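See structure below.
All values below were derived from every heavy atom in this structure, side-chain atoms included, with hydrogens, water molecules and symmetry-related copies excluded. What you are looking at is a predicted structure, and each value in this text was computed from that prediction instead of being measured. In the text below, chain A, chain B and the rest are named by the order of the sequence lines, each starting its count at 1.
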2 protein chains.
Amino acid sequence: MPRKKTDDTTLDTSPPSDGDMLYSVFEDLCPTRLVLDRLADKWAVLILDRLQQGPLRFNSLKRDIKRITQKVLTQTLRKLERDGLIARQVFATVPVTVEYSLTPLGETLNEFISGLAHWAEHNIEAVLAAQAAFDAAAAPSTPANVTVHRL
Amino acid sequence: MPRKKTDDTTLDTSPPSDGDMLYSVFEDLCPTRLVLDRLADKWAVLILDRLQQGPLRFNSLKRDIKRITQKVLTQTLRKLERDGLIARQVFATVPVTVEYSLTPLGETLNEFISGLAHWAEHNIEAVLAAQAAFDAAAAPSTPANVTVHRL
DNA sequence: CTGTATCCTGCCAGATACTG
DNA sequence: CAGTATCTGGCAGGATACAG
């Protein structure tokens, strides 16, 4: 069976379509949302990151990205290929060889991811602290000198 | 009932934990992943964007972000609050009033989102073109002078 | 107004088996 | 080696009802 066109994760059918603004995050066909949806995919980011160092074969990726299944790896690679972020090259060796690499477009996106990673590492402390504070306030299991009575 | 500590979407229990690298996207507790997981949330980005113009009340957000349900709005606001990205202020008016606003941390993150939006709008043409080319190659329903025979 | 509590449903990741 | 096909369970997200 030939490759089927899997239109999922691209756009959803927005029934009411009550909007009259164009190209907004509030619209379903917003470019930002499309990109965000790609970045939303944990595995996609992992793959993009992995390919930063150069082209890799299918099983190399599978080995590197531990705990990813063949199916999900294939699906994610297809999506990235479809978006023009990675390139797929087949070599007619005896057991066929397939190599994946970043396209120029994929490289520019990767730069953004790097920037985001930088932000994340720079601010992770603050986020973690905020979470701890929030949790402490919400669930004071034993906040300080408070005695908890249980039946 | 007091607010419960909802630890979902924060970290998952990684059973094998086969990694010996620290702070990598390959680790589950990678800062980048944490941030990415927030951005992955469609509604979260929408809220962050909405708050860019200033503080908003719960129902304002609900009205602005069409098609979001109360439950999901509340959940998302809690997550963002927990991460220290937005602040929640309660006014003891007769029907209680609650206002949400960006924290400084949230504002810096928003700048990154803006950058990403810029990239998206700049490159959406290329992505769309790549998708069209991919689909055409994968599903040549009637690519050119090809006759399709059906029973 | 600003939530919480339930129930319900669809979709997607994971596991598994098979193929060129 | 690099996939495809199929089944399944869990859970995020929607709808709805109710409450302080």
N/O donor-acceptor pairs under 3.5 Å from side chains in residues 51-60 of chain A, not counting sequence neighbours:
{"residue": "A:Q52", "atom": "OE1", "partner": "A:N110", "partner atom": "ND2", "Å": "2.2"}

(request) Can you pull out how bent the helix from C:dC1-D:dG20 to C:dG20-D:dC1 is, comparing the axes over its first five and last five pairs, to 10°? (result) 50°

(message) Could you tell me how far apart B:N59 (CG) and C:dG3 (P) are, to the nearest whole angstrom?
(response) 9 Å

(message) Categorize B:Q75 for me: base, sugar-phosphate, or nothing, with a 4.0 angstrom heavy-atom threshold over every strand shown.
(response) nothing

(request) Under 4.0 Å between any heavy atoms, over every strand shown, what does A:Y100 touch: base, sugar-phosphate, or nothing? Just pick one. (result) sugar-phosphate

(request) Measure from the side chain of A:T74, starting at C-beta and using heavy atoms only, and say which of D:dC1, D:dT4, D:dA2 lies closest. (result) D:dT4

(message) Between A:D37 and A:R33, does any NZ, NE, NH1 or NH2 come within less than 4.0 Å of an OD or OE carboxylate oxygen?
(response) yes

(request) Go along nucleotides 14-20 of chain D 5' to 3' and tag each nucleotide: B for a protein heavy atom under 4.0 Å from its base, S when only backbone or sugar atoms are that close, - otherwise. (result) BB-B---

(request) Whole angstrom is fine here: how far is it from NZ in A:K42 over to P in C:dC12? (result) 17 Å

(message) Any side-chain N or O of B:R88 below 4.0 angstrom from OP1/OP2 of C:dG3?
(response) yes

(request) Return the set of residues passing side chain to side chain contact (heavy atoms under 4.5 Å, CB included) with B:N123 (not counting sequence neighbours), or none when no residue passes. (result) A:L105, B:W119

(request) Return the value, rounded to whole Å, for the distance between atom CD of B:Q89 and atom P of C:dC1. (result) 19 Å

(request) Find the distance B:L56:CG to C:dC1:P and express it as a whole number of Å. (result) 15 Å

(message) Would you say that B:D83 contacts A:Q131 through its side chain, given a criterion of any heavy-atom pair below 4.5 Å between the two side chains?
(response) yes

(request) Please state how far atom NZ in A:K79 lies from atom P in D:dG3, giving the value in whole angstrom units. (result) 16 Å

(request) Answer whether the closest heavy-atom distance between the side chains of B:W43 and B:Q75 falls below 4.5 Å. (result) no

(message) Test of understanding: with side chain to side chain contact (heavy atoms under 4.5 Å, CB included), list the residues that count as partners of A:A44, not counting sequence neighbours.
(response) A:D41, A:T76, A:L80

(message) In this structure, how many angstroms lie between the P atom of C:dA13 and the CG atom of A:L46, rounded?
(response) 14 Å

(message) Could you tell me how far apart B:E81 (CD) and C:dT2 (C1') are, to the nearest whole angstrom?
(response) 13 Å

(request) Check the distance between D:dA2's P and A:E99's CD and give it to me in whole angstrom. (result) 10 Å

(message) Measuring from atom CZ of B:R78 to atom CD1 of B:I86, what distance do you get when rounded to the nearest 0.5 angstrom?
(response) 8.5 Å

(message) Tell me whether the side-chain N/O atoms of A:R57 come closer than 4.0 Å to OP1 or OP2 in D:dC1.
(response) no

(request) Under the side-chain hydrogen bond (donor to acceptor under 3.5 Å, both in side chains) rule, collect the residues that match up with B:S101, sequence neighbours excluded. (result) none

(message) For a 4.5 angstrom cut-off between non-hydrogen side-chain atoms, does B:L46 reach B:K42?
(response) yes

